[in-house]
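In what follows, a structure is listed as structure tokens, so that the remarks can point back to it.
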Amino acid sequence: MLPTFVIGLREGLEAALIVGIVAAFLRQREQTKAFRWMWIGVLGAVVLCAAGGIGLHLASEQLPQRQQEQLETIVGLVAVAMITWMIVWVHNHAATLKDDLQLRADVALIAGSGAALAFMAFLAVLREGLETAVFLVAAFDASTRPALTGTGAALGVLVAVILGYAIYKGGVKINLSKFFRITGVVLVFVAAGLLATALHTAHEAGWFNSLQEQALNLEWLVERGSVQSALITGMFGIQPEPTVGEVLVWVLYAVPMTIYVLRPAKPRVKATTPPSSPSLEPAV
Amino acid sequence: MRRLLVLVVAVLVVLGFAVPAGAARPAKSQTIAVKLTPDGCPKPIKIKPGSVTFKVSNDGADNVSEFEVLQGGKIVGEVENIAPGLQRSFTLKLKAGEYVTYCPGGDTREKGELTVAAAVAKPATTTTTAPPSG
């Protein structure tokens, strides 16, 4: 039961996390229309994936793994671009919150990007959903104790959804200025993890085959088959044995972006954070 | 931004769904049963060139849940999320040559050998079957 729970949790979290972040962001921006579209998109993606998973099973077809990884890579990169845009937006607005004119200009700008963000949530669910559906079907079809194995997998996905909802709730509860300050740094690490994961899936898709030597051994932190590993890999994209390429893109993204986020938005705003950040070391 | 998204969707649809899923498999195909163990990959596998279906199952290895076939550092094919009790298959067309099997997390045999050769002396692990049943 536990092994399938862990996999369900990890696969589910990768989607639930992005949806939770997008939902909180849209809610904070009071984009109710885009918010509603987001939920329609998410539900639509869930239905599509469930139908796909069951359909593949009924037709005794295999999930085209390579195309699945290609899809994960593209959506992953789009998600990195979008989260980066959110980081920049949040960063710029932490300082100019009270600027009404600026805010009004944003509303016009956001009207388009709100829809784009809602669409991002749809893609995020589609990205992990099909593979998760195939996994769920396989779990309920297990050779030994299928009911228990399947229940474990389903529970894992369910807990992931609850965590995604908690991220959304937490993101809405805290007040706007705190939301801006906290989310910046967290989002940098989420995006850096997504970028490393995109490189990982790009390798599995057959697109990227360089720099595949193992760079670090993080198995002590990301112990395979543990709930902890599902949380760390699912939310921050950290693999047990990251390759040189994965560590490289992680550092190249995380370091400058962390500096950018911690740097005050405007020179005259007093710096509340010390310039040296403990988060510059890669995933230790 | 919107135009970019439309483009992405178009790409996704083409990649993800217009897949020639198992188009016209040859009638004669080999099926290899691959059992993941806590040690990792199976012992060296020898098969003939052509279409081969890997039926990957997990007999109780909590630390291994993935099976990959690589050649020269490139992934030729793989399945993921094979938790204990689960089984998933994938079919590849392999040319003669030396391949590597990779089972991330395995204790002693994280990597194994896969030889594809025309004249295999004793294909012990090979069975010739009708078209694979997934």
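Reminder, nothing fancy here: chain letters follow the sequence lines and each chain counts from 1.
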Would you check if A/E204 and B/E66 make a side-chain contact, meaning some heavy-atom pair closer than 4.5 Å?
yes
Cut-off 4.5 Å, heavy atoms of chain A, and the answer for B/V64 is neither
So which part of A/L63 gets closer than 4.5 Å to some heavy atom of chain B, the side chain, the backbone, both or neither?
side chain
Atom of B/L86, atom of A/A142 and distance for their closest heavy-atom approach
CD1-CB, 3.9 Å
Can you name the nearest heavy-atom pair linking A/R224 to B/G105, along with the distance?
NE-CA, 3.1 Å
Does A/Q62 offer a backbone N or O that forms a donor-acceptor pair with the side chain of B/R88 under 3.5 Å?
no
Residues of residues 143-155 of chain A with any heavy atom under 4.5 Å of a heavy atom in chain B
A/S143, A/T144, A/T149
Side chain to side chain, B/E80 and A/Q68, heavy atoms closer than 4.5 Å:
no
Full working for side-chain hydrogen bond (donor to acceptor under 3.5 Å, both in side chains) between B/N81 and A/E131
CA-CA 9 Å; B/N81 296 344; A/E131 180 144 54; 4.6 Å; no
Of the listed A/A138, A/G206, A/G225, A/A205, the one with the largest count of heavy-atom pairs under 4.5 Å with chain B is A/A138
Out of A/Q212, A/E69, A/E223, which one racks up the most heavy-atom pairs below 4.5 Å with chain B?
A/E69
Highest number of heavy-atom pairs under 4.5 Å with chain B among A/R10, A/R66, A/H203 belongs to A/H203
So, the part of A/V134 with a heavy atom under 4.5 Å from chain B: the answer is side chain
Here the pair of heavy atoms bringing B/A83 nearest to A/I7 is CB-CD1, 3.9 Å
